Amino acid sequence: MKFEYGFYPYGTTKNPQDIPQNEIWVDIGGHLEGSMFDHHQETENETIHSAFSAVIRYIDRLQNIYNSQDIDTIRICTHIYPDMDALFCVYAVKYYFEHGPEAFLSLFASHEKAFTFEQYLDKIDQGTGKVVAAPTLYAITCSLEKDFIGSDKADESLWILNKGLKLIEAVINVYNHNKDLDMFTADLSQFSSIKQLFSYEIQYINECKTKYEQEERPNISIERIRMMNRKGKTVEVKAGIWKKKKIYDFSYLYVREEEHCDLTVIPYSIKGEGEDTVTRIIVSLRPDYEGDVSLLPLAEIFEQLEQIEEERIAKETGQYRRNYGRPRTELANDPLSIEPFCTTADPWYISKEEDLIDSPGICSILDYDILVDVIRNNAKLMKRSYYVSYKDSVNANTDNAISIDCIRATEVQSSSKWVKSMRNYLAKSQDEFSLIIAEISSSLVAHNNMILEAFCRNLIGKGFHDLVAVPFYYLDYKTCIYVGSSCAVILIASSSEADYKRRSISELLDLTNVVSVKSSRLIRCFMELVMQRKQLLALNKKIKCFSTLKRKEIENLNQELVKYVADTQANDIIENPTEQAIHDYAKASLRLDSLSESVISSLNVVISDSRDSFVHKFNILSAITIPFILISTFFQVGALNFVPIVEIQSKIVAAIIWVVILLFSVLTSVLLSRNWNSINKKKQKAKTNEKKSKTQKYN
């Protein structure tokens, strides 16, 4: 029996029905069906934890291929750079065809080695038991490519595969003579057969350990940071944070096993060798960590910051780095299908278990210090927070027009939980407009105040597509303001009460308590703008009914609009320059000027139409009435002849005749005018029916 190998990129999927009869797929493909053995697939009675476990349990599916007389070459397919799980799968499949089902069952299924190797691979594939401080089976497997020379992925993958199969063969032979061997921690360099075959890998592992202690360890900061768990509470986590890019492959495992860190923050440079710039960062929890911490809030901030920085660069270059024209589709239970990740085809990666974050495939352009600062301070307490709602159905001059809820720091323990709470407020809000005010720890803006904008974006649940044209207003370095169509957000970063008082916004906004907030000038400023928009929308609603409005009602609308314009122009002039700046920004964001122009334009059309209609009727009346008046003025209409009124002896009779003719003229004009309008309506209706008829005929 001959064997061929195929290597495919990670994540490759294929329909099992499309696989040729002589092909077997292991640890890739996305299915546990037919001759495809991929894990993470649940059956009715069990969960498969590794591809090797799937091969062991469902090897009988290969019986037909084994019995076929027409197949002389077996093609085994797996992913590029095969890991330990893939290597054991290939070894097991080869062993099945080379030695037969009975020998396979004897080696794997009916012997204690079946339990040992299956259990070992299950744990390794789930991220636990990875000991690299000594030349263990896992450590040697991870070093198989270190002596490969070249750059071709297929050649390197085949190199790893051939050496991996030899390693598994040697380990099985060693285990046959050492039944109590611990597969996780055993130093395989003590066995001459393995030491001879893998001397390079063993030397590399020992050198890595020495170099880690001498060179890498000083580059790592071991510290305790607070993070939010899935229940919204903050917990302390021991973290290993690299100060600059990682040097050696196994260093993150040393930090986990030797330093007992639950979180690792590792920077890489993947643009080229020798570069100091960090272009990739991986934040991960150890797989066996039981603290129920979620990294999703961090990933959301990272992606928002990436989008903000890309927008800044795009203004200079005219081009975006990532593809925003092809957003990700929604997938069940996939955090990447929600905002802000789904905005682009290449977002920051967050695992389904929310325990690992990785940079976009195209690399990140964010400063590493900023990301580390976010990680360290993401769970800082919110100092003060208020939710202000502007009611739709009340008078703007009464205190009842505003209601305020205080979100205390004791109730909202972290900035991430605060964002979640505020999202719930906005989702439940039935008000016309809402304002969210929060004072947060200044440590969040130690390196860059873009973090404030990122929190704003996260709070309102928006990404690039929704906010690309909406500016964020920075009143100063520590004050960020966002105004949307239905809500506004003010974030103020301060380290102390004195620091807050030095902020330029403090003269407009007093956050001492609910009463002081309610009386603040900035709250009233937003109240005026909200009411202006409400007035414009109400005027626009009335204008839409112009066909049923009378001339007097149209005049009243015009007077109301004139009063609105006069009032708003007076309110636009503000003595305080800070308040003036915020007022102008909010007014522009709410598009009040364009809305006002639209309403004025619409009302002008209505007035013009009303005027034209009046002139039209007046012209008809004039055209008919004036000739009759002239005739009646000079002539009396008799039964047989025309007699000038001036020749009629009786002035009373002449006056009566003149009035009768005048009334007759007016009545005739009115009837003709109505008949004219009726004719026009019939013509319009006929045209509409004709158009509908043509449309139906065409369809």
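Not measured: the values here are computed from a predicted model. FYI, side chains are in, hydrogens and waters are out, and symmetry mates aren't considered; it's all heavy atoms of this structure.
S221 pairs by the side-chain contact (heavy atoms from CB on, under 4.5 Å) definition with E223, K243, R376, not counting sequence neighbours. In terms of the side-chain hydrogen bond (donor to acceptor under 3.5 Å, both in side chains) criterion, residue partners of D187 (sequence neighbours excluded) are, by chain and number, S189. Residues satisfying the side-chain hydrogen bond (donor to acceptor under 3.5 Å, both in side chains) test with Y473, not counting sequence neighbours, are none. Remark: Y289 engages no residue in a ring pair (Phe, Tyr, Trp, His ring centres under 6.0 Å) (not counting sequence neighbours). Every residue meeting the side-chain hydrogen bond (donor to acceptor under 3.5 Å, both in side chains) condition with D122, not counting sequence neighbours, appears here in chain and number order: S50. Not counting sequence neighbours, the partners of D292 by the salt bridge (charged side-chain N to carboxylate O under 4.0 Å, His left out) test are R230.
Contact check for E309 versus D367: no side-chain heavy atoms found under the 4.5 Å cut-off. Within the 4.5 Å cutoff, the side chain of Y349 has no heavy atoms near those of the I357 side chain.
Checking side-chain atoms of R322 against main-chain N and O of D346 turns up a donor-acceptor pair under 3.5 Å.
Y254 carries K209 over the face of its six-membered ring, with the cationic atom under 6.0 Å from the centre and within 45° of the normal.
Side-chain contact annotation: R321 with T344, donor-acceptor N/O pair under 3.5 Å absent. A donor-acceptor contact closer than 3.5 angstrom links the side chains of H79 and D27. Side-chain atoms of Q307 and E303 form a donor-acceptor pair, as typed in the model, at a separation below 3.5 Å.
For the pair K238 and E259, the salt-bridge criterion is not met [side-chain N within less than 4.0 Å of a carboxylate O].
Annotation: F52 is not in aromatic contact with F117 [ring centroid separation under 6.0 Å not met].
Of the residues listed (D83, T141, I80, L144), the one engaging I160 in a side-chain contact (heavy atoms from CB on, under 4.5 Å) is L144, and it is the only one.
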